[in-house]
Amino acid sequence: MAGHTLDGSVVAVVGASGALGSLIARELADRGARLVLVGRDQERLAGVPIEGASTVVADLTDAAAGDRVVQTALDVHGRLDGVVNAAGVVAFGPLVDTEDAVVEELFMTNVIGPLWMIRRVAPTLAETGGFFCNISAVVAEQPLPGMVPYAAAKAALTAADSALVRELRRMKVSVIDARPPHTGTGLADRPLAGTAPKLPRGLDPQVVARRVVRAIEAGESEVGSAQFA
Ligand SMILES: NC(=O)c1ccc[n+]([C@@H]2O[C@H](COP(=O)([O-])OP(=O)(O)OC[C@H]3O[C@@H](n4cnc5c(N)ncnc54)[C@H](OP(=O)(O)O)[C@@H]3O)[C@@H](O)[C@H]2O)c1
């Protein structure tokens, strides 16, 4: 797929209040994109220092979140060229000890919410030949014990992305699946449940954010974990 010109584009970042999301938003803004910052909390979104950005308070587990993203992008900026989904939650521990609600939230946030979002934004992205980028994770490639539902959810997201690359091509919407290795954002210290195992030193979040944005510009359809080094 052809790459995307970010200068003058309008890009929504879901999970913009997060560590990777805010850095990706910054990288996009530095390349001339106008931003729609999406997250669950207005105060946290307001703390992302990007001049001229609009905000959408929305929870990915609300099926209508994508409608609100489209509406704000069109009302405020007149177009929508891309969406980066950098929202996500993690949990640790043996599956038998993991509460049903935690398993459910992992799938709601990491798989079902993004699919609901894509359903709603794709027709608008088709008007600009735009892109949808999901931040999956290395565990989609190498599932680990102690994080079974998180790994299964990320694998499901990556499988969906792989099929969507071809399914949305005919609408001229490109899909990018990025699978970063462990990154030093602190995500592992705020799980929904359990305690993280001893992890190696994470990648620099800035490096990960830059690599994701480079993939968008270059028209890559995936960035596997080995491509972040
Ligand atoms: N850090 C790593 O080691 C690593 C490695 C590979 C992949 N990833 C993936 O990268 C993504 C970003 O992670 P991060 O490290 O930047 O974590 P983070 O700083 O905790 O950011 C997570 C973001 O997700 C948002 N979020 C969570 N649940 C949501 C929901 N239901 N609806 C809307 N937004 C929601 C949070 O928004 P609120 O402000 O509303 O809480 C926050 O902005 C995640 O998908 C993660 O799985 C991370």
Side-chain angles (χ1 to χ4, degrees), residues 12-27 35-48 50 55-66 68-69 83-92 101-102 104-117 132-144 147 149-158 160-161 176-193 196-209 211-213 222-229:
V13 177
V14 185
S17 49
L20 281 177
S22 57
L23 288 169
I24 289 169
R26 179 77 264 155
E27 289 289 324
L35 272 296
V36 178
L37 307 175
V38 187
R40 292 177 296 184
D41 185 276
Q42 178 59 40
E43 254 179 59
R44 286 202 290 273
L45 289 176
V48 182
I50 295 184
T55 57
V56 175
V57 177
D59 192 312
L60 260 185
T61 65
D62 171 2
R68 308 236 307 283
V69 170
V83 176
V84 178
N85 169 35
V89 283
V90 71
F92 303 104
V102 170
E104 187 177 26
E105 188 171 344
L106 284 166
F107 272 76
M108 283 303 297
T109 308
N110 294 333
V111 191
I112 295 172
L115 295 187
W116 283 342
M117 175 72 60
F132 194 104
C133 174
N134 268 319
I135 311 300
S136 180
V138 60
V139 291
E141 302 167 2
Q142 298 154 32
L144 291 173
M147 45 183 101
Y150 176 67
K154 290 295 190 182
L157 183 66
T158 287
D161 286 342
I176 303 133
D177 185 76
R179 301 184 294 276
H182 172 55
T183 305
T185 65
L187 174 69
D189 302 323
R190 41 179 180 273
L192 295 178
K198 196 165 163 43
L199 293 163
R201 190 188 161 84
L203 288 188
D204 177 350
Q206 187 75 64
V207 169
V208 172
R211 183 66 186 85
V212 168
V213 173
E222 61 177 334
V223 189
S225 59
Q227 296 173 274
F228 280 91

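Note: hydrogens, waters and symmetry copies are ignored here, and every other heavy atom, side chains too, is used. Along the sequence shown, the residues carry numbers beginning at 1. Indexing begins at 1, ligand by ligand and atom by atom, following the structure's order. Because the structure is a prediction, the values reported are computed rather than measured.
Shown here are the salt bridge (Lys or Arg N to Asp or Glu O under 4.0 Å) partners of R44, two or more places apart in sequence or in another chain: there are none. In this view, E222 and R179 satisfy the salt bridge (Lys or Arg N to Asp or Glu O under 4.0 Å) rule, not counting sequence neighbours. Scored by the salt bridge (Lys or Arg N to Asp or Glu O under 4.0 Å) test, D204 finds no partners at all (sequence neighbours excluded).
Each of G15, S17, G18, A19, L20, R40, R44, A58, D59, L60, T61, A86, A87, G88, V89, T109, I135, S136, A137, Y150, K154, P180, P181, H182, T183, T185, L187, R190 has a non-hydrogen atom positioned under 4.0 Å from some atom of ligand 1.
Between N85 atom CG and I135 atom CD1 the span is 7.5 Å, to the nearest 0.5 Å.
No side-chain heavy atom of L157 sits less than 4.5 Å from a side-chain heavy atom of N110.
Within 6.0 Å of atom CZ in R190, more than 12 heavy atoms from other residues, nucleotides or ligands are found, so the atom counts as buried in its surroundings.
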